[in-house]
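What follows is one structure encoded as structure tokens, with my remarks underneath.
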Amino acid sequence: MRSQKSRSRNKSNRNNRSVGNVVNRVFDSSGPEGKVRGTPQQIIEKYNQLARDSQLSGDRVATENFQQHAEHYLRLLGAAQKEQDARREQQERENRERQQERDRERAKRQERESNAPLSDDPSEAPQPDVMGQPEAGDSGLVETPESQQPPKPKRTRKPKAPKPVEDAPAETAEAQPKDGAPDAPEAAE
């Protein structure tokens, strides 16, 4: 046998349940003709169609029953749409208030800037975020610890060993005398 506690807890939970997104939620409705499944709008249309069919067949009791089922989902859908409209209005109201607050802050900031005393002293003028041109000795770069260390001396290399001279071709060897002076052109005899 079930305890009374669990039943009473379930009943209280049913009444506090949030409506949520009922508009797009899929329901299973157990009507007189069997189950009808769909969103509230689809279920309403189905029960209205069943009510018309039963009215044409002359069954007034079935017609009234289908109409009551349709009315139940119509009320459910109406309540959900009212809740959505109320949430939407609340959000719009909050957005308008935030926008008005931003506008007031902007107006205050502009008023402070316009009332700020103008000075002829350039050091008191607002400074731009961009650095000016670098001075003659300044590269405009930020100094880092690596750049503050003295530069390392360059390594000197050993001179390369001269390549051994290969035997020169015979023509060039004959053209130059052994003493290193070029030959004078010989006179024709």
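Predicted model only: the values in this text are computed from it and were never measured. Below, each value reflects all heavy atoms present in this structure, side chains not excepted, and no hydrogens, waters or symmetry copies.
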- Message: Between R88 and E92, is the side-chain contact (heavy atoms from CB on, under 4.5 Å) condition met? List the steps.
- Response: CA-CA 6 Å; R88 187 179 308 116; E92 288 174 359; 3.7 Å; yes
- Note on the structure: One should read off an interatomic distance between R37 CZ and S29 OG, to the nearest 0.5 angstrom, of 12.0 Å
- Message: Once rounded to the nearest 0.5 Å, what's the spacing between atom CD of Q110 and atom CZ of R112?
- Response: 10.5 Å
- Message: Can you give me the closest heavy-atom contact between T63 and S54, atom names plus distance?
- Response: OG1-OG, 2.8 Å
- Rounding to 0.5 Å, atoms CD (Q41) and CG (L74) come to a distance of 8.0 Å
- Query: What distance separates L77 CG from Q81 CD, expressed to the nearest 0.5 Å?
  - Reply: 4.0 Å
- Run the numbers on N95 and R98 for side-chain contact (heavy atoms from CB on, under 4.5 Å), then give the verdict. CA-CA 5 Å; N95 288 341; R98 273 188 246 130; 3.0 Å; yes
- Task: For residues E33 and F66, determine if any side-chain heavy atom of one lies less than 4.5 Å from a side-chain heavy atom of the other.
- Result: yes
- Task: Identify the heavy atoms of Y73 and D28 that sit nearest to each other, and give their distance.
- Result: OH-O, 4.4 Å
- Report yes or no: do Q90 and E94 form a side-chain donor-acceptor pair below 3.5 Å? yes
- To the nearest 0.5 Å, how far apart are CD in E111 and NZ in K108? 9.5 Å
- Message: Working to the nearest 0.5 angstrom, can you tell me the gap between R109 CZ and R102 CZ?
- Response: 11.5 Å
- Under-4.0 Å salt bridge between R93 and E97: no
- Query: Under the ring pair (Phe, Tyr, Trp, His ring centres under 6.0 Å) rule, what pairs show up with a residue in residues 35-58, not counting sequence neighbours?
  - Reply: Y47-H69
- Item | pair K46-I43: side-chain heavy atoms closer than 4.5 Å | no
- Do other residues, nucleotides or ligands put more than 12 heavy atoms under 6.0 Å from the CZ atom of R60? no
